[in-house]
Amino acid sequence: MPRVNALPLAIKKVYLSRKFKRRNRSMIGDAFLTLFLGLFGLFSVWPLVFIINNAFKPLNEIFIFPPKLFVQNPTLTNFQDLFIIIGNSWIPMSRYLFNTVFLTAAGTASSVIIGSMAAFPLAKYVFPGSKTMSKMIVYSLMFNGTVTALPNYVIMSKLGLIDTYWAVILPTAASTLGLFLMQNFMVQVPDALIEAAKMDGANEFTVFWKVMMPLSRSAWITLIILSFQNLWGTTGGGFIYSEKLKPVSYALSQIVNAGVARTGVASAVTLIMLIVPIVVFVISQSNVISTMATSGIKE
Amino acid sequence: MLTSRQVKTSNRGRRSPMQVWKEHKGKYLLILPFAILFLVFTAIPVLTSIVISFTSFNMLEAPTFVGLRNYINLTVNDDVFLIAVKNTLFFALITGPVSYLMCFVFSWLINELSPKVRAVMTLVFYAPSISGNAYMIWKLIFSSDMYGYANAWMMKLGLASEPILFFDTKKYVFPILILVQLWLSLGVSFLAFIAGLQNVDKTLYEAGQIDGIRNRWQELWFITLPSMRPQLLFGAVMQITASLSVSQISLELAGFPSVEYSGHTILTHLHDYGFIRHEMGYASAIATILFFIMVFTNIIVQKVLRRVGA
């Protein structure tokens, strides 16, 4: 059977220069796959369509039973009501919004940088303790968070972190998921590039910042998406009590919880809270592109 | 008798911590910030929970040491826990592999689209994961009255003469939970696979055609899969933990307790003891057992995955 990796470099290079058409793609196969993708896509995207439509429904359409997917008489009433409520808020909505933006930005940045920093040595070197650390990281993903919540709270309060931004940011920065993801992408960066950088006198941090990070761009963009999505919806996780430190999703959930009369407002809130992660998602995803090909070195 | 090489390695083993630090200083410094946070916010809480699992602890009085009693009670006396284990394993056996395959197949199918189109398609498939508790929509679909979508369609098509009480009938609960879990399955691994596929060296495909690779499937098996083995290993860990820790959808859709424990899983059992009965010792023992089930599953799956593309 063909072993591509075993192909001599010289031969490979000859064919690199030519443009090869991807052959052997049958039309029927493609049509079938497109149909399959389309059907499953409809199935998946349904709740999103539902949320978008719901936000523009007048109250009588929201309460219609059985619920209709598409809005009949679109209206902006839900949004107008929401802004009136927000305008009357005791603590200005801009404050909640600032909290969320700050928590999301600080949490995402620190988790990506701190996680990637640790991922690099664990992915590319063997040194005393490296195997143990890698194992601990994988295994820690398997211990359920429910029972660690109590010890976690005790630690937080001992450290005086309760009711500060740190209570949200620090645990996010310690995200093992992020490290594990980065580690699995950094493994693929060719050793030759690291050695070349070291020959030029780069220290480990420079290698990390100038070689590893640019080459694992797809990975940390993916991590940004995950971290952003997580933090954007945070309500403070039981660690933040001061009203002026609370994030926007907490404030909005308070508005929504005020009763049935707020159902229309609630659907507007759901859409507004979802738009930002969606925009971030689409922009980030379209930046998930090949980084290896531009590295210039073929092994 | 020692050969010279063995002498050398045994010498290496006796290096002082100072020497190790000097040689690998840069690496340890890079890891340090994470290591501290990991110790404080993950390692210590996990170890504390494992210690608590050997105690009786009601969160009001100080924990008292009870040895292995929690574990013995769980495995010998707690019939409901055995149902939970059976359900969880059966559930994971279906949703784990299927969702893993789905993540891969979908990421593979949309991989060749242009970045913008691909981003939108990714959003379409990822939508159930991004829209918070969007799975509640299934409650509407399988609503027990004739207004539930499933019932309405079935009655219209003449498949049912009266509304089916989906979440109150033992034989329906489990399949519905599996369906919902699969619908939710294009999550973290899916995104990791998409990123991983982008990093596969494109020139390998061209070289492969010269080398006699004839169709998509050979291309997949001999080039794509081996090139993204790290992402596949990552995805496996994610799907193992996800498929064995199902609880939220069961609690929200089937209710708690579900009819005849049909939707009862290890984690809903944990939820019961942790949040409702406040028996943290017992709950911690459940978490520890689940932990070992996952570790064990992971070892087996990683062994299997090493054979991919070989």
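All chains are named by letter (A, B, ...) in the order of the sequence lines, taking the proteins before the strands, and each is independently numbered beginning at 1.
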Checklist entry - Taking B:Trp183 for the side chain and A:Phe43 for the main chain, is one N or O donor matched with an acceptor at less than 3.5 Å? => result yes
Checklist outcome for this item: Honestly, the part of A:Leu161 sitting under 4.5 Å from a heavy atom of chain B is side chain
Checklist entry - Non-hydrogen atoms of chain A under 4.5 Å away: do they reach the side chain of B:Phe292, the backbone, both or neither? => result neither
Checklist entry - Is the closest side-chain heavy-atom distance between B:Met102 and A:Phe40 below 4.5 Å? => result yes
Item to check | Toward chain B, the part of A:Met136 with a non-hydrogen atom under 4.5 Å | outcome: both
Item to check | Non-hydrogen side-chain atoms of A:Asn287 and B:Pro115 separated by less than 4.5 Å | outcome: no
Checklist entry - Any side-chain heavy-atom pair from B:Thr122 and A:Phe281 closer than 4.5 angstrom? => result yes
Checklist outcome for this item: Note: A:Ser286 and B:Ala119 closest approach over all heavy atoms is N-CB, 3.6 Å
Next on the checklist: At a 4.5 Å cut-off on heavy atoms, which part of A:Leu226 comes close to chain B: side chain, backbone, both, or neither?
Outcome noted: side chain
Next on the checklist: With rounding to the nearest 0.5 angstrom, report the CG to CG distance, A:Asn144 to B:Leu244.
Outcome noted: 11.5 Å
Next on the checklist: Between A:Leu223 and chain B, with a heavy-atom cut-off of 4.5 Å, which part of the residue counts as in contact: side chain, backbone, both or neither?
Outcome noted: neither
Item to check | Non-hydrogen side-chain atoms of B:Val237 and A:Met142 separated by less than 4.5 Å | outcome: yes
Next on the checklist: Run the side-chain contact (heavy atoms from CB on, under 4.5 Å) test against A:Ser111 and tell me which residues pass, sequence neighbours left out.
Outcome noted: A:Thr172, A:Ser227
Next on the checklist: Which atoms of A:Ser175 are under 4.5 Å from chain B, going by heavy atoms: the side chain, the backbone, both sets, or neither?
Outcome noted: backbone
Checklist entry - Are any of the side-chain heavy atoms of A:Gln285 and B:Leu123 separated by less than 4.5 Å? => result no
Checklist entry - From B:His278 NE2 over to A:Leu150 CG, what is the distance, rounded to the nearest 0.5 angstrom? => result 10.5 Å
Next on the checklist: Please classify the contact of A:Leu274 with chain B as side chain, backbone, both or neither, using a heavy-atom distance under 4.5 Å.
Outcome noted: side chain
N/O donor to acceptor pairs below 3.5 angstrom from side-chain atoms of residues 27-50 of chain B, sequence neighbours left out:
residue : atom : partner  : partner atom : Å
B:Lys27 : NZ   : B:His24  : ND1          : 2.9
B:Tyr28 : OH   : A:Pro128 : O            : 2.5
B:Thr48 : OG1  : B:Ile44  : O            : 2.5
B:Ser49 : OG   : A:Val147 : O            : 3.2
B:Ser49 : OG   : B:Pro45  : O            : 3.0

Next on the checklist: Quick one, B:Phe125 and A:Leu37 - any side-chain contact, counting heavy atoms below 4.5 Å?
Outcome noted: yes
Item to check | Minimum side-chain heavy-atom gap B:Arg229-A:Val187 below 4.5 Å | outcome: no
Item to check | Heavy-atom side-chain contact between B:Lys25 and A:Glu204 under 4.5 Å | outcome: no
Checklist entry - What part of A:Tyr125 lies closer than 4.5 angstrom to a heavy atom of chain B: side chain, backbone, both or neither? => result side chain
Next on the checklist: Go through it in stages, so that I can follow the logic: the residues are A:Val282 and B:Lys116, the test is side chain to side chain contact (heavy atoms under 4.5 Å, CB included), and I'd like the CA-CA distance, side-chain angles, deciding distance and then a yes or no.
Outcome noted: CA-CA 8 Å; A:Val282 173; B:Lys116 290 231 166 59; over 6 Å; no
Next on the checklist: Less than 4.5 Å to any heavy atom of chain B: does that hold for the side chain of A:Ile155, its backbone, both, or neither?
Outcome noted: side chain
